[in-house]
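Data block below; observations after.
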Amino acid sequence: MKEIKPEDINVILATDCGSTTTKAILIEKVGDDYRLIVRGEAPTTVEAPFEDVTMGVLNAVAEVEELSGRRLLDKEHRIISPIKDNGDKKEGTDIYVSTSSAGGGLQMMVAGVVRSMTAESAERAALGAGAIVMDVIASNDKRLPHEQIERIRHLRPDMILLSGGIDGGTITHVVEIAELISGADPRPRLGSGYNLPVIYAGNKDARDTIKETLEEKVDLGIVDNIRPVLERENLLPAREKIHDLFMEHVMAQAPGYSKLMKWTDVPIMPTPGAVGLIMKTIADLEDIEVLGVDIGGATTDVFSVFQGVFNRTVSANLGMSYSVSNVFAEATLPMVMRWVPFDMDERDLRNRVKNKMIRPTTIPQSMQELIFEQAIAKEALRLAFIQHKNFATVLKGVQQQRTIADAFDQKAGGETLVNMMTLNMLIGSGGVLSHAPRRQQAALMLIDAFQPEGITRLAVDSIFMMPQLGVLSQVHAKAAKEVFDKDCLIHLGTCIAPVGDTKPGKPIMKYKFELPGGKTEQGELKYGEMLKIDLGFDSETDLPLKAKAVLEPDRGFDVGAGKGSHLETTVSGGVSGLIIDGRGRPFSPPENNKDRVESLIKWMTDLDVYNEDALRG
Amino acid sequence: MLRKIFPIIILLCILITPAFLSGQVSQSSGINTEFLERFELKPPTDFEVKDTPNDNGGSLTLQWRLSPDDNLWGKRGLVEKYVIGRRIVGEEEFQFVATATSQSRLAFDNAVNNKDRYEYQIAAYPFKYIFRPIQWNSLMAVNQMERFKALSPWATMSPHGVVLSMLGQNYSYYGSLDGFESELAQKSVWENFSADDGMQGPEAIATSFAASQLVSSFSPYFGFFVQSSLTSNPYQLLTIGQYLGDGLMARSDVVGPIKTGKSWLHMRRVNVLVIAAVLSFFILHFIRQARIGKELFIRKIAGLDAVEEAVGRATEMGKQIFFIPGTQDMQNIQTIAGVTILGRVARLTAEMDTKLEVPVSRSLVMVTAREIVQEAYMNAGRPEAFNEDMVHYLTDDQFGYAAAIDGKMVRQRPVTIFYMGAFYAESLILAETGNSIGAIQIAGTAMPAQLPFFVAACDYTLIGEELFAASAYLSKEPKLLGSLKGQDIGKALLLIALAVGVVVQTFGWFDFASLFKV
Amino acid sequence: MAHSYTPGLKVTERMKITKKRILPLKGDVVVKVGDKVEPDTVVARTDLPGTVEPLNVANILGVPPEDVEDCMVKKEGDPIEKGETIALNKSFFGLFKTEAKSKISGSIESISSVTGQVLLRGEPIPVEVKAYLQGEVVEIFETEGCAISTQGSFVQGIFGVGGETHGSVKIVVPDNTTVLEEKHIDDSCKDCVVVGGSMATAGSINKAISVGAAGIVAGGISDKDLREFLGYDIGVAITGNEDLGVTLVVTEGFGEIAMAQKTFDLLNEKEGIMACINGATQIRAGVIRPEVVIPLSGELHETGTEEVQLTEGLKVGSPIRVIRQPYFGKIGTVSGLPPALQQLDSESKARVLEVEFEPGEKAVIPRANVELIEG
């Protein structure tokens, strides 16, 4: 791999090979800034009849070439890199990077000693590396050893991450699990010509025994302990090893990847891993807390960076098409219907959901269908978020220090890191959010499902270029950030939601916004009310406009500065402007059917979410 | 009303009885039968026998209407008492079972079983001396005494003798016995009480009765009493008495057969029932809620949530876990609660295959703890990993025990230590040592004096009630969770009742406390 | 997007159907190329390694793990019987003995001196793969399996439950719009593939199981009935391993939808002929649809019957079925294909087509919501 200095990079080509489409983007330096120039896409060509991923990549790049007018491919259909100076016209790109989730992504099984400690750390490492965790084996996962063996044999993961024991801690437990793996003698999912890769990232004292137990049966890699002491996680070595093995084994098995691997300037990353990377980068650079969600047809990924800690969860059976029926089963009908402002026949609804499951590509034609589909999306997002909250926690198993003052206020370890009040930015992506006919719908889906508290910026990633930016951030963080800020997201606006509870109709907050152009918008927010204040984009830079906000919540309400405390801040606009949510937190629609329908219609018309006639009709 | 009369009746009995006791000495011959017939008592009426409610078949309730002769002027009549007889169906003879005083309408027969069927009879039993007030239509002077004629049918018939009692003064009177049949006179008594002018009706009589004074008791051997030093004050003859025989008891109809019944409901415990029903309702309601998967909010108890974490830590570190169930024996409820938690801890150590050590200071605790740990290992599916020596005895001595555990801590360096049970002065000795070796410590005790030490030295402390709520909290079993929640509601209701009671009782609105009396 | 409409499900009168029959592990293939096979013919067999049963000998004997090796009566690889003593610990000159007995028959897989754990491997489990189709073996994959081809009618369903089975086709309803009810099924349906019309009710499915029918093919099924029948709600459409006593193939979707006339006619013509059906469905990448295969006589390598038509895509006049509300289940022909994006009632912009259901009855529908009826 060649050495590239970030400052020399002017042109960047990045692709993401998804399971259905391959997306390519071209980034160039314009003046001092990096900007997205064009994007192109083409169907992914991993499966028959093509069975060569590079064909799709080349098609996508060709589209970019066509749209940008810049030559990127040579006559042999190779990407031109580095740049060739061809007289008056420059050809090619400085660097080329790619991500991939084709072929079902990276499917892993992880194992640890205690489910909530080393096994969870292992899970975090695997998820953070972009894998789908098929199962977690632990000493205390309530399964008997022979059941665990059956499970390992049955699942056929791409690789296994084994951890357990702090350095100097238990040996027997982790060796026992190694014995189970050895007894199960698992075969890798793809191809039978090689041994299953197993990464050992546990107690360093157990390494020799682990080697003895496993070396003959699997392709064993040993890295530093994931949890050298219980108080600290060290996920990086394991993650890097996962990426390496992903390249060596998994990618190498997929058709065409060996060719693609040679083209790229940095290793190909699993798509979700790259998304995590860009989110972490942005959160670190701007010192903000970010929550992102990608709702797909089969799975929903939730990413978050809270207190500087990155977490990712994959809800394997929550999605909008293949898994829609499961969302329905898990959330239950009344929970979905509480977001729908009209009655629908249950039997018919259930059939509709199942029909969407077996025919995943259909789209809602009528407004009713759209509202119903978005109601399901809200529940899918809510359920995925609950899973994420339970996973994104501080480390467990840490000793606590107490004083006598703690007698009645003992906090447990392992609390969730997710704090909606301190969250700065909520990013949604995936068809149902990105392709919602009105952006307000996406905003409302995010608000209803995640219930942001205080002041939270909302955005959707409609063209889904976060993966490419993620890989790019490894090489050139500045370029990645600049493109992320300016071109990646569609800013929906800001949600302002005071936290508290009171009777409907009671005033809960005074607000005053100094809008650009000298206009001020002020008033009083009542409980149970939603307001929308337009605040769009700067016509020159295309960036969201900012407004100075003075918020004075009532006693018992909190917008981020504490209960009843006055807050002055700057808020940024977007397609939907400022959304002031006075429904209180935690919030759920009224139970009484008549009130519920009325409130929903009022909120939806006030925010201009759906056509009013359709709601009433 | 009745209460006012009652002492008077008693007084009357006291006053009168000695006078009549000896009346039995001689009797019978020469009694004017016409007279006796006229005095035949009327029996009590509407005699009823019912099973007594709320006593689970322990007795029968007997009720009747007073004999008409038992209610003269609403006071006392010819009836001294009622005699109750009982027989088992099929028997001929009634057995005496109880007496009831005159004016009573109710009696209980406790000497019954719930197998036999009984028949009852009640009889009015006359006074041996029957007093019958005679109202005079005019007041007389003493000197007119000898010439007085009773105006009532009674009096005209037999003015056998006179006893005079003068209000407030000590007068005597000598009366004449002309034409009296001496034998009958021996068995009769007249009482005479002075009274104020205008004395009318039962109330007035009662008053004068109480205030009057029997100057001298009547002895049947004397035909009459004479009171001397009479003035010209008016007086009134109120009562004459006549002896009647035992055989003149007036029997009621036979009632029955009747059998005692097991009662279904003790009505007087209904308040208890209501409270129990309310509590049960809440408990059952919450159990059901828990069963159908509704999330019951139970305050987070960090100490219990941390149990799994603490065991996990020991597992990851490959070290031991200590569980100290306190220094008290099994009869202490805290020890029981502690041992319950031990079950949970053992289950976790079994699942995670971690070494557990339970040093105990009482033999009974050792036996119980062994059972519980063994069961936990069986339930976790790892019976082979259980070893009896996990639970072992140290010493009964409080400080010997503490010292031994401290020694073990320092040598074996466990990474997790539980203190669950009753602790005294050893609490800080143990907890500080545990803290110094860097172990995660979870304590739980209901000893208020020891709590501060545990809070300061341990990672988590279960305070009082939390220790007892632990089993529900840990198992998350709907039954336990529901009853915990239900009991909490019960406690809340009692607290509210307490507050309301204080207010109501303070202002004296009504007797709130009576709602809770049993 | 490559396709802005869903390619329809295949319903073909006659085509060459080839199925790979592969063992889960390497084993023996017992047929050879050219063999004629029946659905029940075993084509390959192998032995799956037995289940593994761990036994913590150190705990059972009460010895430290490092001593387990010495206590073992049987060594690694030794065959063992159920109940046989595999390890023995003697103390006090043999006065006290503790034994560890095997829970299964098989062999000793491994002995660990770190955990004291001994892994016992159960006896191999024989696995057979049957031909499923009536046809001819056309290819052998050494030690893995074979491919079987047949000439016949092929109907792809949209959703199914239950595994591979076969039986003769029996039409029990008068037309494709009739709901298949309990009354339609009688004892004559035993071992048959029952073909219903628009919907299979819960009653009819239960009746089919009780009379011993092999399978049911119907236009639709109500989600409620399916839940009752399965006893659980299907969350993700991955089926085929259910053991329900009958295999169900739904050709159109959920709810009451008439079976496509063509499908119904095709099955109607084949009444009495043996059909092989499989309810296995997987709607994910690498989609698997349930199917009905009716092997017909005729030379395999006959030319002309192999209708490998490449889908030409939608064009005016193509017969289509609408697969989403509000016109769900309706069949019509494409009457116009406007190229520009159009706004739908839901305000989304999408490529649409005009469809004519019956002469004069026209509607505009997004292309994603129609399915080409293929022929």
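Numbered from 1 within each chain, the chains take letters A, B, ... in sequence-line order.
Distance check: Ser139(A) OG to Glu351(B) CD gives 10.5 Å after rounding to the nearest 0.5 Å. In this structure, the separation between CD on Glu309(B) and CG on Leu395(A) is 9.5 Å, given to the nearest 0.5 Å. One distance of note links CG of Asn203(A) with CE of Met317(B); it measures 11.0 Å at 0.5 Å rounding. Atom CZ of residue Arg115(A) and atom CE of residue Met352(B) lie 11.5 Å apart, to the nearest 0.5 angstrom. Note that NZ of Lys319(B) and OG1 of Thr170(A) are 11.0 Å apart. Values are rounded to the nearest 0.5 Å.
Taking a 6.0 Å sphere around CD of Glu231(A), one finds it holds more than 12 heavy atoms contributed by other residues, nucleotides or ligands. Heavy atoms from other residues, nucleotides or ligands lying under 6.0 Å from NZ of Lys563(A) number 12 at most.
Residues of residues 404-436 of chain B having a heavy atom under 4.5 Å from any heavy atom of chain A: none. Heavy-atom neighbours of chain B within the stretch residues 583-591 of chain A, taken at a separation under 4.5 angstrom, are nonexistent. Of residues 437-444 of chain B, those residues lying under 4.5 Å from chain A by any heavy-atom pair are Gly438(B), Ala439(B), Ile440(B).
Listed options Ala456(B), Gly312(B), Gly303(B) were ranked by heavy-atom pairs under 4.5 angstrom with chain A; first place goes to Gly312(B). Here Gly318(B) is the residue among Ala310(B), Gly318(B), Ala314(B), Ala380(B) with the most heavy-atom pairs under 4.5 Å with chain A.
The closest donor-acceptor contact from the side chain of Glu316(B) to the backbone of Leu230(A) lies at 3.5 Å or more, if one exists at all.
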Open item on the list: side-chain contact (heavy atoms from CB on, under 4.5 Å), that's the test. Do Arg313(B) and Val114(A) meet it? Break it down for me.
Closed with: CA-CA 8 Å; Arg313(B) 181 177 164 94; Val114(A) 176; over 6 Å; no
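A search for salt bridge (charged side-chain N to carboxylate O under 4.0 Å, His left out) contacts involving Asp141(A) returns Arg143(A), not counting sequence neighbours.
Two residues are said to be in side-chain contact when any heavy atoms from C-beta on lie closer than 4.5 Å; Asp353(B) and Glu176(A) meet this criterion.
Proximity to chain B (any heavy atom under 4.5 Å) is shown, for Thr118(A), by both the backbone and the side chain.
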